[in-house]
There are 2 protein chains.
Amino acid sequence: MPDVEDTLTNALRRRIIDGEFAPGTRLSEISLAEKLGVSRNTLREAFRVLSEQGLVEHVPHRGVSVASPTVADVVDIYRARRYVEPAALSAASPLHPAVAMMREAVEQGEASLEERDWRTVGSANMAFHDAIVALADSPRLERLFRDIAAELRLAFLEIDNPEALHAPFVALNRSMLETFLAQGGPAAAAELQDYLVLSERTVLGAFTRLRHG
Amino acid sequence: MPDVEDTLTNALRRRIIDGEFAPGTRLSEISLAEKLGVSRNTLREAFRVLSEQGLVEHVPHRGVSVASPTVADVVDIYRARRYVEPAALSAASPLHPAVAMMREAVEQGEASLEERDWRTVGSANMAFHDAIVALADSPRLERLFRDIAAELRLAFLEIDNPEALHAPFVALNRSMLETFLAQGGPAAAAELQDYLVLSERTVLGAFTRLRHG
DNA sequence: TGGCATCGATTGTTCAACAATGGTAGTCGG
DNA sequence: CCGACTACCATTGTTGAACAATCGATGCCA
């Protein structure tokens, strides 16, 4: 059954992001290959891709483990986000197709908030920011964001207070969308700057509490 | 002889960037593995990494070939550069260690210009912009730039007028550095914006002449 | 000339083997 | 009792061979 490759990489990606393997977990080639029903060589090719994407850490002769973002990683991720997201939003047109994605993400977030499904709230928030990056129409920036968003999800996984982590931002997303539509990109970008500062502080706070407390 | 892996990836990277395999060249697994003295499986792992970095294009069942950037790729690369480079320069401190790298790159460029070694001029220009990105102190942004810079080099390889491509920018780099030191980041960033517009136009001009001329 | 079946070369994947490395457990000496 | 050393063992790194699946080309036929 050839061409399992891409599917395998994506399947592994999703499993890791979904938290099936906790951050830091060692991924044994032999047992995982057996579990997934593929050969070691095929699995290793997938590992290389995931390693390049930052989802998995590869240490020579010690195998790969699910990435476990450090505080420095979180700081860097937010730094990169501040470079890309506000600029993309600021320069965007309200007629851009991705605006529909932004709206859908906001509505999904509000619906999931109602049901107290924090996990889905988090996904919706991510989808919102993914849509913002999509406004830039740049495959390379989208790829960057896809990778750092995946890493960020790993950080989220280690924080077991998803409500505090995701719930407050649904309203901010709604507000940002309305600002964008009513007052244009630059005004919304200003909001986004504050949003990212707040989000970073929230994550870092929970994170340091987790690590040394 | 284990641990050939990373070395292999880097060796292939350099060979491709240096133009040993022209853009578009098909890289046969069997013959290349034999040539490099590694097994097919090992080579395939390296291919996955290079493919993820955009240096090589992988088409299922048709193998990998050296990437051959399209006009759309060049446009996107410059779009990404405009997002990252001016912002990094604008926010930077003149005391940042990377400033020394900028100066070295400028001087290298001027020296190579004297010797009419356009290839090295191009490398020095790239090093200059690499240093600008380094000002941001962000591993993830550096990785993004490393990848798109490699892709851009592939585009340069296809244009056989390296003098027009690289020579004019040495003086602009020097000027930008002086502006940065004398007037600070924002003023230099403004120059960089114009620089990138000019550079993109230069590349695209040569490129379209090449493709349908 | 244009459509079609066949063939050949290449990729996708698996398996088995061995070398090299790193961690671990057990041993020895203090 | 504790720390350093050693031998072992599980795992990774890499190879080579094998076979299935696919793509492109070759040559055939109308």
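What you see is a predicted model, and the numbers here were worked out from it, not measured in a lab. A note on names: the letters A, B, ... follow the listed sequences, proteins ahead of strands, and every chain is numbered from 1.
Between the side chain of B/Asp130 and the backbone N or O of B/Ala127, no donor-acceptor pair lies under 3.5 Å. In this structure, the side chain of B/Arg26 engages the main chain of B/Arg62 through a donor-acceptor pair within 3.5 Å.
If you take CZ of B/Phe47 and P of C/dT10, they are 13 Å apart, rounded to a whole angstrom. One atom, CZ of A/Arg44, and another, C1' of C/dT14, lie 15 Å apart when rounded to the nearest Å. One can place CD of A/Glu34 at 14 Å from C1' of C/dT14, the figure rounded to the nearest angstrom. Atom P of nucleotide D/dG13 and atom CD of A/Glu45 are separated by 14 Å, given to the nearest angstrom. The separation between B/Leu27 atom CG and C/dG12 atom P is 13 Å, rounded to whole Å. Between B/Ile30 atom CD1 and C/dT11 atom C1' there is a gap of 8 Å when expressed in whole angstrom units. A/Glu57 places its CD atom 16 Å from the C1' atom of D/dT12, with the value rounded to the nearest Å. Between the NE2 atom of B/His61 and the C1' atom of C/dG12 there is a distance of 6 Å, given to the nearest Å.
Contact check for A/Thr120 versus A/Glu115: no side-chain heavy atoms found under the 4.5 Å cut-off. Taking 4.5 Å as the limit, every side-chain heavy atom of B/Arg140 sits out of range of all side-chain heavy atoms of A/Arg79. In this structure the side chain of B/Leu196 reaches within 4.5 angstrom of the side chain of B/Pro86, judged on heavy atoms.
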Show me the protein contacts with nucleotides 7-9 of chain C, counting only N or O atoms at under 3.5 Å.
none

Distances for protein N/O vs nucleotides 16-19 of chain D N/O pairs under 3.5 angstrom?
from   : atom 1 : to      : atom 2 : distance (Å)
D/dG16 : O6     : B/Asn41 : ND2    : 2.6
D/dA18 : N6     : B/Arg40 : NH1    : 3.4

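Between A/His129 and A/Tyr195, the ring center distance clears the sub-6.0 Å criterion.
Among the nucleotides C/dT11, D/dG13, D/dT12, the one closest to any side-chain atom of A/His58 is D/dG13.
Remark: B/Glu20 CD is packed, more than 12 non-hydrogen atoms of other residues, nucleotides or ligands lying under 6.0 Å away.
For A/Arg119 and A/Ser112, the side-chain atoms include no donor-acceptor pair closer than 3.5 Å.
If B/Arg26 and A/Arg62 are placed on DNA chain C by their nearest nucleotide, the residue sitting closer to the 5' end is B/Arg26.
Note: B/Leu113 CG to B/Phe169 CZ = 12.5 Å, rounded to the nearest 0.5 Å.
Not one side-chain nitrogen or oxygen of A/Thr42 sits closer than 4.0 Å to the OP1 or OP2 atom of C/dG12.
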